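For this chain, numbers begin at 1 and follow the sequence in order. Everything numeric in this text was worked out from a predicted model, so none of it was measured. Just so you know, these numbers use all the heavy atoms, side chains as well, and skip hydrogens, waters and symmetry mates.
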Amino acid sequence: MFLYSALLVFLNWIWGLPMLLFLGGGGVILTISVGFVQCTKFGYVMRHTFGKMFEKADKNGISGFQAVSAALSSTIGTGNIVGVGAAIAMGGPGAVFWMWLIGFVAMATKYCEVIASVKYREPNPNGGWFAGPYMYIRKGLGNTCFSRGLAVIWAISMIFACLVGAALHTGSTLDGLGTLNIPRVPLMIAILVLDGFVLFGGVRRLVNITDKLVPFMAAIYIIAGSVIIFSNIGTLASVIAMICREAFTGTSAVGGFAGSTLAITIRWGVARGMYSNDAGGGVPSIVHGQATCKHPVEQAMWGIFEVFFDTIVVCSFTAFVILCTGEWLTGAPGSVLAINAFATGLGSVGRILAPICLALFAISTVMAIGIFAQMQAENLWGTFASKMVSVLFLIMIVFGLFGVDLIIPFSDLANALVIIGSLTSLLFMIKMLRAETKDYFSTIDSIEKNNK
C-alpha cells in the first residue's frame, strides 16, 4: 500500500509541470528545427492531405488518408468531448487558447514522429512494415545497447498502456450509452465482437473500417456543433474575445464557475492540447508507417493534418458549443459539460446525439489501440505473441464492465515512459529531421519553379 501511495504521489508530480515542460519544450525545439513547417508550409500540407484525401493506394498498399484515418481513430476519442469540458470546467475559457497554442506545437512533434517512423521502418515478412518508435528509437539512436533497451521499455510500456486503455474506453462507451438506457452487457458483447473482428483482420481491416468511420463520426459531430454555434452566432465574437483575454488573466468566479488562476488556466489548456492528439508518444506513427509513400515527408504531412483536425477542429467545436451555450457557467463537472451543452442547443436530439458521438469516438479508439498493441507485440516477439496480446486485449474489454481504477496509475506510468522514450529519441534526431524536411521541400520548390 505504501508503494502504491508513493506511485500516486510520483505520478501526480510528473504529470504536472515536468511533463508539461518536457512535451511543450520538446515540441518547441522540434518546431524550430524543422523550420516551423506547420506554419510556413501549411497551405501546401492542406492541398496534399485534405485536398487528396480520397485518393487510393494500390490494392496491396495503404494510402496516406487510410493511415491517418486509423491514426485519428485512436486520437479522436473521449478526450475531445469529456477532456475539453474538463479543461474549461477547471481552467475557464482561457484554457482553449493554450490548447490551440500547444496544438500548433504538437503538429511539428507529430510530423517528426511520422518522418522517423517511415524512414526507419523495415518490411514485415507477413506483410506491411515494422514501424513506429520501437524502430526509430533503435535505429535512429545508432542501434546501441542503450537504444535497444530503451526501445524495448517503450514497446512494453506501450502494450500495457493499450491493454488498460481497452477497459477504460470500453467503460466510457458503456457509461455514455447507459444514459440512453442501453443495457451494459449486450453492448459490451457487441464491442467485443466488433473489436475481435478488427483484431483478427489486422491493420488492413482496421483502415478499411476507419477510412469510412472517422469521416462519418467527425461529420456528425461537426454538423451538430455547427448548428448550435450558428444558432448562437451572436455570442461567438464575444466568446472568442473571452478566450483570448482570459488566456492571460485567468477567470473570476461567475455563475456556477468557481474561478481559475492564470497558472491553472495554462495548465489545463496545455494538458488538453497535448493529450487530445497523443503527440510525443509516437504510438499512431506505427500505422502512419504502413502508408505507401516515396518520401517520409509525404506521410509526415498527414501527421500535421492529424493534429490540426483533432485539436484545432474537433476540440474547438466542443469548446465553442460549451461556451456559446453558456453551459460552462452552470458549474457542472467537465465530464458532462459537452453532453449538457448539446442537450441545451439541440434539445432531445442533442441529448441522444452527444452520447452516441462519445461512444463512436471511444469505440474507434479501442479498435485502433488494439491493432497498435498487436503490431508492436509482433515486432517485439513475433506472430504468436501478437495473437496472445490480441486475446489479452479482448479480455481487458470485458473488464470495462467493472472498471480498472486500481491499475490506472500503472497506465499513467506506462504512458509517461512511452512519451519520455519517443520524444527524447526525436530530440537526438534533429539533424536527420531537418535534412529530410529540407530535401523534400527543396525538391518540390525546384519542380514548381521549373513548371512556371
Atom pair [atom1] ([X]) and [atom2] ([Y]), whose distance is rounded to the nearest 0.5 Å:
X	Y	atom1	atom2	result
Ile81	Phe361	CD1	CZ	5.0 Å
Leu213	Ser69	CG	OG	9.5 Å
Gln38	Phe305	CD	CZ	16.0 Å
Ile102	Phe97	CD1	CZ	11.5 Å
Met217	Leu72	CE	CG	7.5 Å
Leu360	Thr173	CG	OG1	9.0 Å

Heavy-atom side-chain proximity of [X] to [Y] below 4.5 angstrom:
X	Y	answer
Val34	Cys112	yes
Met135	Asn379	yes
Cys39	Phe104	yes
Thr261	Ile264	yes
Thr210	Gln66	no
Asn80	Ile76	yes
Leu423	Leu23	yes
Thr235	Asn232	yes

Shortest non-hydrogen contact between [X] and [Y], atoms and distance:
X	Y	result
Val45	Met301	CG1-O, 3.5 Å
Ala89	Pro333	CB-C, 4.5 Å
Ile115	Ala300	CG1-CB, 3.4 Å
Gly289	Val118	CA-CG2, 4.2 Å
Ala341	Val321	CB-CG1, 3.6 Å
Ile137	Gly421	CD1-O, 3.7 Å

If only atom types and distance count, is the side chain of [X] paired as donor or acceptor with the main-chain N or O of [Y] below 3.5 Å?
X	Y	answer
Ser285	His288	no
Ser147	Gly142	no
Ser33	Leu433	no
Arg148	Arg138	no
Asn143	Lys139	no
Glu122	Ala131	no
Asn415	Ser411	yes
Ser73	Ala70	yes
Gln299	His295	no
Gln374	Val389	no

| Worked verdict on Ser260 versus Thr265 for side-chain hydrogen bond (donor to acceptor under 3.5 Å, both in side chains) | CA-CA 6 Å; Ser260 67; Thr265 296; 3.1 Å; yes

| request: Evaluate ring pair (Phe, Tyr, Trp, His ring centres under 6.0 Å) for Phe309 paired with Phe50, printing each intermediate quantity in order. | output: CA-CA 10 Å; Phe309 188 74; Phe50 184 77; 8.3 Å; no

| task | May I have all residue pairs that pass side chain to side chain donor-acceptor pair (under 3.5 Å) and include part of residues 89-103, sequence neighbours excluded? | result | Trp100-Ser316

Which residues pass the ring-ring contact (aromatic ring centres under 6.0 Å, His included) test with [X], not counting sequence neighbours?
X	result
Trp154	none
Phe372	none
Tyr136	none
Phe308	Phe42

| So, is the end of the Arg205 side chain (NZ or CZ) under 6.0 Å from the ring centre of Phe197 and within 45° of the ring's axis? | yes

| said: The test is side-chain contact (heavy atoms from CB on, under 4.5 Å); show your working for Tyr111 and Leu30 and say whether it passes. | reply: CA-CA 9 Å; Tyr111 169 85; Leu30 292 175; over 6 Å; no

| task | Give the intermediate values and the outcome of side-chain contact (heavy atoms from CB on, under 4.5 Å) for residues Trp302 and Val114. | result | CA-CA 9 Å; Trp302 284 103; Val114 179; over 6 Å; no

| query | Counting heavy atoms not belonging to Phe248, are there more than 12 under 6.0 Å from its CZ? | reply | yes

| task | Answer yes or no: does atom CZ of Arg351 have more than 12 heavy-atom neighbours from other residues, nucleotides or ligands under 6.0 Å? | result | no

| request: Take Cys324 and Leu236 through the test side-chain contact (heavy atoms from CB on, under 4.5 Å) and record every step on the way to the result. | output: CA-CA 6 Å; Cys324 285; Leu236 184 58; 4.0 Å; yes

| field | Candidate pair Tyr134 and Tyr120, rule ring pair (Phe, Tyr, Trp, His ring centres under 6.0 Å), full reasoning | value | CA-CA 10 Å; Tyr134 177 73; Tyr120 293 118; over 10 Å; no

| request: Let me see the working for Ile312 and Met107 under side-chain contact (heavy atoms from CB on, under 4.5 Å), right down to the final yes or no. | output: CA-CA 10 Å; Ile312 307 301; Met107 290 184 210; 3.8 Å; yes

| task | Test Ile228 against every option in Phe342, Phe320, Phe317 by the side-chain contact (heavy atoms from CB on, under 4.5 Å) rule and name the one that passes. | result | Phe342

| message | Applying salt bridge (Lys or Arg N to Asp or Glu O under 4.0 Å) as the test, list every pair that has at least one member in residues 287-311; sequence neighbours left out. | response | Lys110-Glu306

Pairing donors with acceptors under 3.5 angstrom, does anything connect the side chains of [X] and [Y]?
X	Y	value
Thr344	Thr325	no
Glu246	Thr251	yes
Thr75	Asn277	no

